Amino acid sequence: MVRSLAPHLVGRTIVSARFTSKHVTPGDRAELARQVTGRRIESIRRRGKFIDVTLDAGHLVMHLGMTGKLLTSGVEGKHTYGVFTLDDGVLLYDDPRQFGSIEWGDARVRRLGPEPLEILLEEFTAALRARKTRVKALLLNQSFLAGIGNIYADEMLFAAGIHPLVKAFKLSAARAGQLHRAMLETLSLAIEHRGSSISDYVDADGKRGDFQALHRVYGRDGQPCLTCGTAIKKAVVASRGTHYCPACQKR
DNA sequence: CTTAATGTTCCCCA
DNA sequence: TTGGGGAACATTAA
């Protein structure tokens, strides 16, 4: 998303902004609009699942929740809750479920754990050893690691051959190493494929990702495991649908 | 009509 | 303080 946004946004000035959801933009929406108006966009980066837009003064931080979209063309729709008019172009924030957020300042970004693509094996192994919770819950915990969501947690646990209910501290150094490698491989490949478009996700140009075609467990419950043929199971773990192969991922 | 959905936070309890 | 479980938020689609 950030890679597709950057060419449209960097160097632009926000001429005006308007916000219309009390869920996406709790607090004073007119004040937020005043804070971003007239500001020049210096850079844009991803941190965890947050999009951090650095302005010539301050930060505009956005999260897409489950169904959020940031589009650089098109017109306002039923669920457009943020409109940024730029000196050249427009940025529309669209989010039917309104689980996303648009806020001033990077306070939430600073509370995130390390980036999965940056954490070193040694630190990762030590961090796992210190936690008694289930490994799937830990992967989803954004203060433990920033940016892993439900799809990628399931996919990397399958790639590592680790059962989602295993307690983190019970993982051997070898298993922690497998998970670290699976994490890097799964996320890198997903990024190469521009993400997973199950129903809503598109980038700033409205383009879908195609990693969903490579999912090996997520959304494949009842279908044969691509490694061993056993039926993929689905259970609820950490209140989230959790897909795994009961044969390849032993407890 | 019911259920589940790419997410986070809050509350209650152990 | 940690961790488990569930509810809440709002909308759509199967």
Side-chain angles (χ1 to χ4, degrees), chain A residues 1-2 4 19-27 46-51 61-71 77-82 93-103 106-113 116 127-158 164-170 186-187 189-191 193-204 206-222 232-243:
Chain A
M1 173 60 78
V2 165
S4 64
F19 307 108
T20 51
S21 166
K22 63 176 161 83
H23 304 285
V24 172
T25 43
R46 177 195 63 76
R47 179 71 174 92
K49 296 174 193 168
F50 289 88
I51 297 163
V61 172
M62 298 182 275
H63 192 298
L64 299 178
M66 299 268 249
T67 55
K69 286 187 184 98
L70 277 168
L71 299 168
K78 184 182 177 186
H79 299 297
T80 303
Y81 298 114
Y93 178 91
D94 197 275
D95 186 5
R97 288 175 74 177
Q98 302 174 67
F99 284 177
S101 59
I102 304 175
E103 59 198 39
D106 61 355
R108 290 174 79 202
V109 161
R110 276 179 285 158
R111 283 182 224 124
L112 293 171
L128 285 175
R129 235 186 338 250
R131 297 299 205 109
K132 292 180 178 166
T133 193
R134 296 161 168 179
V135 63
K136 161 110 185 206
L138 200 51
L139 291 174
L140 292 176
N141 181 343
Q142 303 296 298
S143 55
F144 181 73
L145 283 176
I148 299 173
N150 200 38
I151 293 174
Y152 301 108
D154 282 2
E155 290 298 320
M156 65 183 68
L157 284 170
F158 174 79
L165 290 182
V166 171
K167 309 273 187 185
F169 75 100
K170 292 269 194 186
T186 302
L187 294 177
L189 190 61
I191 290 166
H193 284 265
R194 313 177 59 82
S196 304
S197 293
I198 305 284
S199 60
D200 293 272
Y201 174 71
V202 288
D203 71 11
K207 198 166 147 194
R208 291 166 58 85
D210 57 30
F211 189 67
Q212 65 281 359
L214 300 184
H215 289 173
R216 293 191 280 174
V217 285
Y218 185 86
R220 295 196 64 248
D221 41 311
I232 298 300
K233 267 196 168 174
K234 183 179 173 190
V236 174
V237 178
S239 304
R240 308 300 301 277
T242 297
H243 314 71

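Each chain gets a letter, A, B and so on, in the order the sequences are listed, and its residues count up from 1. Because the structure is a prediction, the values reported are computed rather than measured.
Pairing partner, B/dT6: none, since no Watson-Crick or wobble contact has both distances short of 3.5 Å. Using N1 to N3 plus N6-O4 or O6-N4 for Watson-Crick, or N1-O2 and O6-N3 for G-U wobble, each under 3.5 Å, C/dA10 pairs with nothing.
Residue A/Arg131 has a polar side-chain atom (N or O) positioned under 4.0 Å from OP1 or OP2 of C/dG3. Taking 4.0 angstrom as the limit, A/His215 places none of its side-chain polar atoms (N or O) nearer than this to OP1 or OP2 of B/dT6. The phosphate of B/dG7 (OP1 or OP2) has no side-chain N or O of A/Gln142 nearer than 4.0 angstrom. Contact between the side-chain N/O atoms of A/Lys49 and the OP1/OP2 oxygens of B/dG7 is found at a separation under 4.0 Å.
C/dG5 atom C1' lies 15 Å from atom CG of A/Leu140, rounded to whole Å. If you take NE2 of A/His63 and C1' of B/dT9, they are 12 Å apart, rounded to a whole angstrom. To the nearest angstrom, P of B/dA4 lies 7 Å from NZ of A/Lys234. Atoms CG (A/Leu138) and P (C/dT2) sit 12 Å apart, rounded to a whole Å. Look at CZ on A/Arg97: it is 11 Å from P on C/dA10, rounded to the nearest Å. In this structure, A/Leu64 atom CG and B/dG7 atom P are separated by 11 Å, rounded to whole Å. Nucleotide B/dT8 holds its C1' atom 15 Å from the NE2 atom of A/His23, rounded to whole Å. Distance, A/Arg108 CZ to B/dT9 P: 5 Å, rounded to whole Å.
Of the possible donor and acceptor atoms, one in the side chain of A/Asp95 sits under 3.5 Å from a partner among the backbone N and O of A/Gly100. No donor-acceptor pair under 3.5 Å is formed between the side chain of A/Asp106 and the backbone N or O of A/Val109.
Across every non-hydrogen atom of A/Arg131 and A/Ala168, the tightest pair is O-CB, 3.5 Å.
Between A/His79 and A/Tyr81, the angle of the ring planes lies from 30° to 60°, which puts this pair in the tilted group. In this pair, A/Phe50 and A/His63 present their aromatic rings perpendicular. The plane angle is above 60°, beyond the 30 to 60° band.
DNA chain C is contacted by both A/Ser239 and A/Ala130; A/Ala130 maps to the nucleotide lying nearer its 5′ end (nearest heavy atom per residue).
Contact annotation for A/Lys78: backbone-only contact, meaning every heavy-atom pair under 4.0 Å involves sugar-phosphate atoms and none involves a base. A/Ser199 comes within 4.0 angstrom of a base, heavy atoms only. If you check every strand for non-hydrogen atoms under 4.0 Å, A/Asp200 touches a base. Counting non-hydrogen atoms under 4.0 angstrom, A/Ile151 reaches the backbone sugars and phosphates but no base.
For the residue pair A/Lys207/A/Ser4, the side-chain donor-acceptor check at 3.5 Å is not satisfied.
Taking every side-chain heavy atom of A/Phe99 into account, B/dG7 is the closest of B/dG7, B/dT8, C/dG5. Out of C/dT12, B/dA5, C/dG3, the shortest distance to the side chain of A/Thr133 is found at C/dG3. Minimum atom distance to the side chain of A/Tyr218 is reached by B/dA5, of the listed C/dG3, C/dA10, B/dA5. Of the candidate nucleotides B/dT6, C/dT11, C/dG6, B/dT6 has the atom nearest to the side chain of A/Arg240.
Nucleotides C/dG4 and B/dA5 place their C1' atoms 22 Å apart, quoted to the nearest Å.
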